Amino acid sequence: MTDQSIQTLDDLKKMPFTTQNDLIVNSPFGFLTVPISGTIRMRIVGRNFNIARAYTNADVGRNVEMMTRCLMAGGVTKGTIMEVIDEYSDENALSVQYAAEVLGATVIPSPLTNLERAITMMNQFGVDAIVSNPKQLLQLIINAQAFENDIKGMPLTAIFCMNDLLRNNMDTHLKSRIGAKIYNMYSPVEFGCAGMLFECEYKCGFHIQEDYFYPEVFRFVGR
């Protein structure tokens, strides 16, 4: 297949599926379209940390632009105080922080290794928005309960939940325990983007970053 064979959106169906093994075998240099000197960042990602990704300046800019849209859709403004509870070992947490700062929000980076400290900062700074993943949000609730902190009594209004699954069955539970609105963001680490799909305040389904991703819907019919 050549570049000339892909001229229209309809031509995209000619392209084969990209499997996780393709990402592992060809990363990072098999996907580079610029010399290594044109990259500004390298990451090892994936559930087993077996996929390497390279980012150009433009890649980082696009990720920040997409994440800015996600946060704006969840009501983040210049007055928001946001705590990002993440390992900062992949691109997602950095994209979230940069995007929030672009919007003028106050950002508090918080490593996963000390959730007690994260809770302390929530109380001390009056955090009203949190970004994390479902597993860590549950751990945060457990830690808060252990130290007799009432999360519902805090000024939290928005939780941005980075998921690697399209459906998060913990929504109702998280909302009932935290008392804030949950905004899910589809953030598979293999894509290197924290919010290719995201929810808005109306919770009417996922919005896709349609100027960067083309959705293709498949219907599987069982025998």
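These figures come from a predicted structure and were not determined experimentally.
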Just say parallel, tilted or perpendicular for the rings of F160 and Y183, cut-offs at 30° and 60°.
parallel

Worked check of side-chain contact (heavy atoms from CB on, under 4.5 Å) between R41 and D59
CA-CA 10 Å; R41 187 177 297 161; D59 292 329; over 6 Å; no

Give a yes or no on this: more than 12 heavy atoms of other residues, nucleotides or ligands lie within 6.0 Å of atom [atom1] of [X].
{"X": "R117", "atom1": "CZ", "answer": "no"}
{"X": "M72", "atom1": "CE", "answer": "no"}
{"X": "K175", "atom1": "NZ", "answer": "no"}

Between [X] and [Y], which heavy-atom pair has the shortest distance, and what is it?
{"X": "A54", "Y": "L32", "result": "CB-CD2, 3.6 Å"}
{"X": "S27", "Y": "N50", "result": "OG-O, 4.4 Å"}
{"X": "A129", "Y": "L156", "result": "N-CD2, 3.8 Å"}
{"X": "P109", "Y": "M121", "result": "O-CE, 4.2 Å"}
{"X": "I151", "Y": "L140", "result": "CD1-O, 4.2 Å"}
{"X": "F206", "Y": "L166", "result": "CE1-O, 3.3 Å"}

Trace of the side-chain contact (heavy atoms from CB on, under 4.5 Å) decision for I130 with I178
CA-CA 11 Å; I130 288 178; I178 299 176; over 6 Å; no

[atom1]-[atom2] distance between [X] and [Y], expressed to the nearest 0.5 angstrom:
{"X": "K13", "Y": "T8", "atom1": "NZ", "atom2": "OG1", "result": "8.5 Å"}
{"X": "C200", "Y": "R69", "atom1": "SG", "atom2": "CZ", "result": "14.5 Å"}
{"X": "M122", "Y": "I108", "atom1": "CE", "atom2": "CD1", "result": "10.0 Å"}
{"X": "Y214", "Y": "I208", "atom1": "OH", "atom2": "CD1", "result": "10.5 Å"}
{"X": "K135", "Y": "N133", "atom1": "NZ", "atom2": "CG", "result": "8.0 Å"}
{"X": "N26", "Y": "N21", "atom1": "CG", "atom2": "CG", "result": "8.5 Å"}

Ignoring hydrogens and geometry, is there a side-chain-to-backbone donor-acceptor pair from [X] to [Y] under 3.5 Å?
{"X": "Q209", "Y": "G195", "value": "yes"}
{"X": "T56", "Y": "G38", "value": "no"}
{"X": "S110", "Y": "I85", "value": "no"}
{"X": "T77", "Y": "G79", "value": "yes"}

Does [X] share a hydrophobic cluster with [Y], counting links as ILVMFWY side-chain heavy atoms below 4.5 Å and allowing steps through other members?
{"X": "Y186", "Y": "Y212", "value": "yes"}
{"X": "L71", "Y": "V102", "value": "yes"}
{"X": "L115", "Y": "F125", "value": "yes"}
{"X": "M42", "Y": "L23", "value": "no"}
{"X": "V127", "Y": "I142", "value": "no"}

Given I36 and F29, is the side-chain contact (heavy atoms from CB on, under 4.5 Å) satisfied, shown in steps?
CA-CA 8 Å; I36 190 67; F29 303 110; 3.8 Å; yes

Do N149 and N143 pass the side-chain contact (heavy atoms from CB on, under 4.5 Å) test, and can you show the C-alpha distance, the side-chain angles, and the key distance before you say yes or no?
CA-CA 8 Å; N149 281 281; N143 274 265; over 6 Å; no

Could you tell me if the side chain of [Y] sits less than 4.5 Å from the side chain of [X], heavy atoms only?
{"X": "L137", "Y": "C161", "answer": "yes"}
{"X": "N184", "Y": "K203", "answer": "yes"}
{"X": "D11", "Y": "S5", "answer": "no"}
{"X": "L138", "Y": "R177", "answer": "no"}

Exactly one of Q97, M162, Q136 clears side-chain contact (heavy atoms from CB on, under 4.5 Å) with D86, and that residue is M162

Going by atom types only, do N92 and S95 share a side-chain donor-acceptor pair under 3.5 Å?
no

Between T120 and N123, do the side chains contain a donor N or O and an acceptor N or O under 3.5 Å apart?
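Side chains of N123 and T120: no pair found under 3.5 Å.
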
